[in-house]
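Contents: one structure, followed by commentary.
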Protein chains: 2
Amino acid sequence: MGNNHENLNTVFQALADPTRRAVIQHLTSGPASITELAKPFEMALPSFMKHIGVLEDAGLIRSKKIGRVRTCEIKPKQLTAAETWINKQTAQWEGRMARMASFVEALGAEGQDD
Amino acid sequence: MGNNHENLNTVFQALADPTRRAVIQHLTSGPASITELAKPFEMALPSFMKHIGVLEDAGLIRSKKIGRVRTCEIKPKQLTAAETWINKQTAQWEGRMARMASFVEALGAEGQDD
DNA sequence: GTGATTGTTACCCATTCGACTAAGTATATA
DNA sequence: TATATACTTAGTCGAATGGGTAACAATCAC
C-alpha cells in the first residue's frame, strides 16, 4: 500500500540534480549502458556511478549487468508518483481559486504575476 | 527566457523534504502565517524558518510581513514547471513504448512490473 | 594469455543541509 | 509602560552530498 511519503523524498531528491535529470531524459529514448550515459559529462566514472545509484535507490531506473556492461532503463512509475503529488496540489489550489472567484469578481486582484 | 534548468534544481530540492511538502499542501487551501504553518511540527522556529526560506528561494511561495506577522501564500507557477518537466519525460517514454509496440506484439515482455 | 574495456570498491575532501540554542527586534495588548 | 507575541539573526554541530583519486575486478578481443 502506498507509502509514497518516504519515496517522494528520494524521488524529488534524485530529480534535484541536473546530471540525474539528464540521465532520465536520455533513458526516455531507450536503455543505455553506464559509459554511454556518462559520456556527456566531464566527471569521473565513480562520481557518475553515484548518480546512477541515487536514481536506482529512488526507483526511477533499474539496471542489469550482462558481461561487463551494465545497462540501465527507466522505470517511470515513481516519476508518475511525483507528478501525481504535484497535480494534487495545483488541483487543490485551483479549486480554492474557483471558490474564491464565485464569491468575489475582483478582490483588487493584483495578480499573482509571478 | 526559460532558464528552467537552474530553477528546477531548487524546486525539486525544495520538494524533497516532507516538512516543505506539508507546507505547500497547507498553503493550497489558503494563505497562512509562519506560526500557524509551523504548528504541526516539533521543530524550533528558526529551523522551520529555513524551510520557508528554501520554498521562497525556489519560487514556490511568497511571503509578506504585516505588523509582526509574516503571511505566506503559494505561487504555483514553479510547481507547474516541475510538473511539465516530468510530463515531458513520461510522454517521451510512452511515445517510445508505442513505437516499440508497433514493431513487436510481445518481445517476451517480462513486464516492467515495478 | 596480454591488453584494452567496463565497471567497482575504498577512501578523501569541501560544501551544503537540517536541526539546535541563545539572544535580539519589533509589534500588539493589557 | 510592561509584557507577551511573532519572528529574526547569529552561530554551532553532525550527517549527507557531490566531487575526486587510486587501485582492483572481471570481461572481451586479439
Side-chain angles (χ1 to χ4, degrees), chain A residues 5-27 30-74 78 82, chain B residues 5-27 30-74 78 82:
Chain A
H5 308 308
E6 282 233 354
N7 256 1
L8 282 177
N9 291 1
T10 62
V11 169
F12 281 127
Q13 180 64 44
L15 296 179
D17 185 281
T19 300
R20 293 192 292 255
R21 283 199 307 278
V23 168
I24 294 283
Q25 183 143 42
H26 187 140
L27 290 178
S33 73
I34 298 283
T35 36
E36 189 185 339
L37 287 169
K39 203 157 290 171
F41 305 101
E42 289 182 357
M43 192 183 293
L45 238 299
S47 307
F48 183 77
M49 288 291 295
K50 283 188 194 171
H51 288 298
I52 297 294
V54 171
L55 288 169
E56 204 157 8
D57 288 348
L60 287 164
I61 71 172
R62 62 158 49 142
S63 76
K64 192 179 185 183
K65 195 169 184 176
I66 296 171
R68 61 183 167 179
V69 173
R70 177 173 296 277
T71 301
C72 303
E73 72 178 313
I74 204 170
Q78 300 295 46
Chain B
H5 309 309
E6 282 233 353
N7 255 0
L8 282 177
N9 291 0
T10 63
V11 169
F12 282 128
Q13 180 64 45
L15 296 179
D17 185 283
T19 300
R20 294 193 289 258
R21 281 200 308 278
V23 169
I24 294 283
Q25 182 143 42
H26 186 141
L27 290 178
S33 73
I34 298 284
T35 35
E36 189 185 339
L37 287 169
K39 202 157 293 170
F41 305 101
E42 289 182 359
M43 192 183 293
L45 237 301
S47 308
F48 184 76
M49 289 292 294
K50 282 190 194 172
H51 288 299
I52 297 294
V54 170
L55 288 168
E56 205 157 8
D57 289 348
L60 288 165
I61 70 171
R62 63 160 47 142
S63 76
K64 192 179 184 182
K65 196 169 185 177
I66 296 171
R68 63 183 166 178
V69 173
R70 178 173 295 278
T71 301
C72 302
E73 71 177 314
I74 205 170
Q78 300 294 49

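Values reported hereafter were calculated over all heavy atoms of this structure, with side chains retained and with hydrogens, waters and symmetry mates removed. Since the structure is predicted, the reported quantities are computational estimates derived from the model, not experimental observations. Protein chains get the first letters and strands the later ones, always in sequence-line order, with residue 1 at the start of each.
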>> Rounded to whole Å, please give me the gap between CG in A/D57 and C1' in D/dT17.
In response: 14 Å
>> I need the CD1-P distance between A/I52 and C/dG7, as an integer number of Å.
In response: 10 Å
>> Ignoring hydrogens and geometry beyond distance, is the side chain of B/S47 in donor-acceptor contact with the base of C/dG18 at under 3.5 Å?
In response: no
>> Looking at every heavy atom in both A/Q78 and A/A58, which two are closest together, and how far apart are they?
In response: CG-O, 3.5 Å
>> Looking at D/dT17, I'd like to know if its phosphate oxygens (OP1 or OP2) sit under 4.0 Å from a side-chain N or O belonging to A/H51.
In response: no
> Relative to the 5' end of DNA chain D, which residue comes earlier, B/E36 or A/D17, by the nucleotide with the nearest heavy atom?
Replying inline: B/E36
>> Tell me the interatomic distance from A/E56, atom CD, to C/dG7, atom P, rounded to whole angstroms.
In response: 13 Å
> Over how many whole Å does the gap from A/L45 atom CG to C/dT5 atom C1' extend?
Replying inline: 11 Å
> When the distance from CG of B/N9 to C1' of D/dT17 is rounded to whole Å, what number comes out?
Replying inline: 14 Å
> Tell me, do A/T71 and A/I66 make a side-chain contact under 4.5 Å, heavy atoms counted?
Replying inline: no
> Could one point to a donor on the side chain of A/R68 or the base of C/dT6 with an acceptor on the other under 3.5 Å away?
Replying inline: no
> Looking at side-chain heavy atoms only, is the closest gap between A/L8 and B/R21 below 4.5 Å?
Replying inline: yes
> Taking atom C1' of C/dG7 as reference, at what distance in whole Å does atom NZ of A/K39 sit?
Replying inline: 14 Å
> Over how many whole Å does the gap from A/K50 atom NZ to C/dC12 atom C1' extend?
Replying inline: 9 Å
> Looking at OG of B/S33 and CZ of B/R70, how far apart are the two atoms once the value is rounded to the nearest 0.5 Å?
Replying inline: 11.5 Å
>> Whether the side chain of A/R20 engages the backbone of A/A14 through a donor-acceptor N/O pair (distance < 3.5 Å, no angle test) should be reported.
In response: yes
>> Taking the nucleotide of DNA chain C with the nearest heavy atom to each, does A/M49 or B/T19 sit closer to the 5' end?
In response: A/M49
>> Between C1' on D/dT8 and NZ on B/K64, what's the gap in Å once rounded to a whole number?
In response: 20 Å
>> Given the structure, check if the side chain of A/K65 and the base of C/dG7 hold any donor-acceptor pair shorter than 3.5 Å.
In response: no
> At under 4.0 Å between heavy atoms, what does A/T35 touch on the DNA or RNA strands: base, sugar-phosphate, or nothing?
Replying inline: sugar-phosphate
>> Go nucleotide by nucleotide along DNA chain D from the 5' end; which of A/P46 and B/T71 gets its closest nucleotide reached first?
In response: B/T71
>> From C-beta outward on A/M43, which listed nucleotide comes closest to its side chain: C/dC20, D/dG20, C/dT6?
In response: D/dG20
